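This one's a predicted model, so the numbers in the text were calculated from it and none came from an experiment. Here, residue 1 is the first one in the sequence, and each next residue gets the next number.
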Amino acid sequence: MALGLLHPSGKDEELEDVGDRYFDVLLKRSFFQEPEVDWEGFEWRCKIHDLVHDLAASVAGDEQAIVNDEKQLKTTERARHISWTDNELLGKEFPKEHLLEAASRVRTFTLPYALEGPISNSFLNGLISSFKCLRILELRELYFKELPSSIGKLKHLRFLALSWNQMIEALPNSVSSC
């Protein structure tokens with residue numbers, strides 16, 4: 001939804017309803033497997049079939065990058081979606097110099113859930129200042145008290161995930177002005 005790929009078929013249809021409909025179709029056709037249902041009866045997590053995953057990775061090619069740690073940072077200028085999987089970010093700086101060629105085109109940045117320890121403000125500042133065209137920023141289950149005010153400069157941001165961050169105290173004023 002945040003990438004603008006879904007379109008309602010009628011005037012009164014919400015994007016969430018369109019997304020739910022697509023999800024249900026893909027689930028019924030076995031693209032997704034083993035859905036987990038929350039207390040309200042909504043599917044909230046599932047696995048993707050191995051073959052579908054391999055096909056999607058092949059189609060995405062260089063547009064998708066999975067970063068294991070700073071030493072294995074491999075992105076190209078075609079990168080649009082970056083998943084950072086290094087669990088140890090305590091005291092680390094965001095490696096801007098490695099990502100500059102991809103920075104102008106990245107639309108999605110995801111950090112792993114349940115990091116080992118808190119994430120530094122300088123890492124968050126580096127992340128936000130590196131990707132000006134982000135539409136999706138996932139910072140779920142992370143440990144930080146304050147979201148940098150520079151988050152308000154992300155004009156294209158459509159989805160900001162902050163759930164299950166028990167340390168965050170308040171959002172910066174720049175978020176409400178977006």
Side-chain angles (χ1 to χ4, degrees), residues 1-9 13-89 92 94-96 98-117 119 123-124 127-128 130-143 154 156-165:
M1 286 186 276
L3 292 174
L5 300 175
L6 302 180
H7 304 286
S9 58
E13 190 173 31
E14 296 289 325
L15 282 180
E16 287 80 11
D17 295 333
V18 176
D20 286 340
R21 196 172 65 241
Y22 276 102
F23 180 83
D24 290 340
V25 167
L26 293 172
L27 184 63
K28 288 176 185 167
R29 294 184 179 179
S30 300
F31 281 68
F32 301 136
Q33 300 174 329
E34 302 176 31
E36 293 181 26
V37 179
D38 68 8
W39 61 90
E40 295 176 337
F42 294 106
E43 290 102 359
W44 67 282
R45 184 182 350 195
C46 60
K47 293 180 181 178
I48 189 169
H49 191 283
D50 291 343
L51 293 173
V52 175
H53 175 271
D54 293 347
L55 176 63
S58 175
V59 169
D62 291 345
E63 290 187 9
Q64 166 190 300
I66 297 174
V67 179
N68 297 325
D69 63 29
E70 294 174 44
K71 298 171 194 113
Q72 294 181 349
L73 193 57
K74 295 178 185 171
T75 60
T76 68
E77 64 183 35
R78 291 189 42 165
R80 301 288 185 278
H81 313 284
I82 296 178
S83 295
W84 186 283
T85 61
D86 184 2
N87 275 350
E88 185 59 52
L89 295 179
K92 285 189 178 178
F94 189 73
K96 290 188 216 180
H98 298 293
L99 291 170
L100 287 178
E101 64 182 36
S104 66
R105 300 186 181 199
V106 172
R107 303 293 184 257
T108 307
F109 193 92
T110 305
L111 281 166
Y113 302 162
L115 286 174
E116 297 171 9
I119 188 170
F123 187 93
L124 284 174
L127 166 62
I128 291 168
S130 294
F131 304 120
K132 302 289 186 210
C133 294
L134 275 180
R135 290 179 182 253
I136 299 171
L137 179 57
E138 290 207 33
L139 303 173
R140 299 173 204 244
E141 293 187 47
L142 301 178
Y143 299 101
L154 296 177
H156 303 285
L157 191 66
R158 301 286 177 265
F159 182 78
L160 175 62
L162 297 172
S163 60
W164 297 99
N165 182 341

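Here the straight-line distance linking atom CG of D17 with atom OH of Y22 works out to 13.0 Å at 0.5 Å rounding. Between the CZ atom in R140 and the CG atom in L162 there is a gap of 9.5 Å [rounded to 0.5 Å]. The distance from atom CG of L127 to atom CG of L137, rounded to the nearest 0.5 Å, is 5.5 Å. Taking CZ of R107 as the start and NE2 of H156 as the end, the distance is 7.0 Å to the nearest 0.5 Å. Taking CG of L51 as the reference point, atom CG of L55 lies at 9.0 Å (rounded to 0.5 Å). Considering CD1 of I128 and CZ of F109, their distance stands at 10.5 Å, rounded to 0.5 Å.
The environment of CZ in F32 is crowded: more than 12 heavy-atom neighbours from other residues, nucleotides or ligands sit within 6.0 Å.
Looking at L134 and V106, their side chains come closer than 4.5 Å, going by heavy atoms from C-beta outward. Side-chain contact between D54 and V52 is absent, with no heavy atoms from C-beta onward closer than 4.5 Å.
Closest approach of I48 and H53 over heavy atoms only: CG2-CB, 3.9 Å.
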*Quick one: do E138 and F159 satisfy side-chain contact (heavy atoms from CB on, under 4.5 Å)? Show the steps, please.*
CA-CA 8 Å; E138 290 207 33; F159 182 78; 4.2 Å; yes

*In sequence, state the C-alpha distance, the side-chain angles, and the governing distance for L139 and L160, and then conclude on side-chain contact (heavy atoms from CB on, under 4.5 Å).*
CA-CA 7 Å; L139 303 173; L160 175 62; 4.3 Å; yes

